[in-house]
Amino acid sequence: MAAGATVAAGGLDGFAASVAAGLPAISAEREPAPLVLDGALGAGGASVDVVKALEAAGPFGAGQPEPVFAFGGLRVADVRIVGNGHVRAQLKGGDGAVLRAVAFRSSESPVGRLLLASAGETIHVAGTLSLDRWGGGERVELRVLDAAPARGTIAA
């Protein structure tokens with residue numbers, strides 16, 4: 001969206017101050033963009049083979065975003081802050097599979113605070129999958145984009 005304005009000579013500072021004063025109010029009123037999900041998986045369904053197949057569908061970017069998956073009813077088996085405000089968790093599915101997860105720079109965000117407060121609890125999460133290729137091995141990692149407390153019972 002584009003806009004234009006005509007400002008009288010000498011009035012630029014006043015105009016700039018007026019626009020700057022209005023921007024925080026506009027930003028505060030804006031709803032967050034909805035999270036678009038591409039599918040749902042169980043913890044055991046997030047395998048190295050699945051992530052490799054997803055990588056082969058890339059490259060991902062602005063015109064082709066990474067697929068986002070929902071995971072329902074995962075118990076937060078372990079959670080901690082690591083590095084510079086990242087939240088790392090191990091999420092356990094009803095099938096016993098464990099999904100490693102990280103929410104980058106989120107320790108002070110609603111998602112990070114929910115993860116940190118949910119140790120031992122069951123949550124729903126959504127995010128993108130990647131392979132952690134550290135130390136010569138390959139492990140699936142969920143990059144958490146959103147999370148919510150689980151309410152009620154989820155069928156496995």
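Computed from a predicted structure; not experimentally measured. In what follows, every heavy atom counts, from backbone to side chain, and hydrogens, waters and symmetry copies are set aside.
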Inset, instruction - Show your reasoning for whether side-chain contact (heavy atoms from CB on, under 4.5 Å) applies to Asp146 and Val68. - result: CA-CA 10 Å; Asp146 203 358; Val68 176; over 6 Å; no
Legend entry - Check against side-chain contact (heavy atoms from CB on, under 4.5 Å), Val102 and Leu142: CA-CA 6 Å; Val102 63; Leu142 174 69; over 6 Å; no
Inset, instruction - Apply side-chain contact (heavy atoms from CB on, under 4.5 Å) to Thr128 and Arg143, showing your working. - result: CA-CA 5 Å; Thr128 59; Arg143 284 178 265 150; 3.6 Å; yes
Legend entry - Verdict with supporting geometry, Leu54 and Phe69, side-chain contact (heavy atoms from CB on, under 4.5 Å): CA-CA 12 Å; Leu54 291 170; Phe69 294 95; 3.6 Å; yes
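No more than 12 heavy atoms of other residues, nucleotides or ligands lie within 6.0 Å of CZ in Arg80, so this atom counts as exposed by the packing criterion.
For Gln64 (side chain) and Ala57 (main-chain N/O), a donor-acceptor pair under 3.5 Å exists by modelled atom type. The main-chain N or O of Gly44 is found under 3.5 Å from a side-chain atom of Asp95 such that the two form a donor-acceptor pair. At least one donor-acceptor pair under 3.5 Å links the side chain of His124 to the backbone N or O of Gly73.
Taken together through direct or relayed side-chain contacts under 4.5 Å among Ile, Leu, Val, Met, Phe, Trp and Tyr, Leu99 and Leu41 form part of one hydrophobic cluster. Under a hydrophobic clustering in which Ile, Leu, Val, Met, Phe, Trp and Tyr are joined whenever their side-chain heavy atoms come within less than 4.5 Å, directly or via other members, Leu37 and Phe71 fall into different clusters. No continuous path of hydrophobic side-chain contacts links Phe60 to Val144 [ILVMFWY only; heavy atoms under 4.5 Å]. The cluster map of Ile, Leu, Val, Met, Phe, Trp and Tyr, joined by side-chain heavy atoms under 4.5 Å apart, puts Val79 and Ile81 in the same cluster. No continuous path of hydrophobic side-chain contacts links Val98 to Ile123 [ILVMFWY only; heavy atoms under 4.5 Å].
Across every non-hydrogen atom of Ser106 and Val87, the tightest pair is OG-CG2, 3.5 Å. Across Val48 and Val140, no two heavy atoms sit closer than the pair N-CG2, 3.5 Å. Shortest non-hydrogen contact noted between Ser107 and Leu116 is O-CD1, 4.1 Å. Annotation for Leu131 and Glu138: closest pair CD1-OE2, 4.2 Å, computed over non-hydrogen atoms. Between Ala147 and Val125, the shortest heavy-atom distance links the atoms CB-CG1, 3.9 Å. Closest heavy-atom contact between Asp38 and Pro67: OD2-CA, 3.1 Å.
The line from CZ of Arg75 to OG of Ser118 is 12.5 Å long, rounded to the nearest 0.5 Å.
Arg139 places a side-chain heavy atom less than 4.5 Å from the side chain of Asp132.
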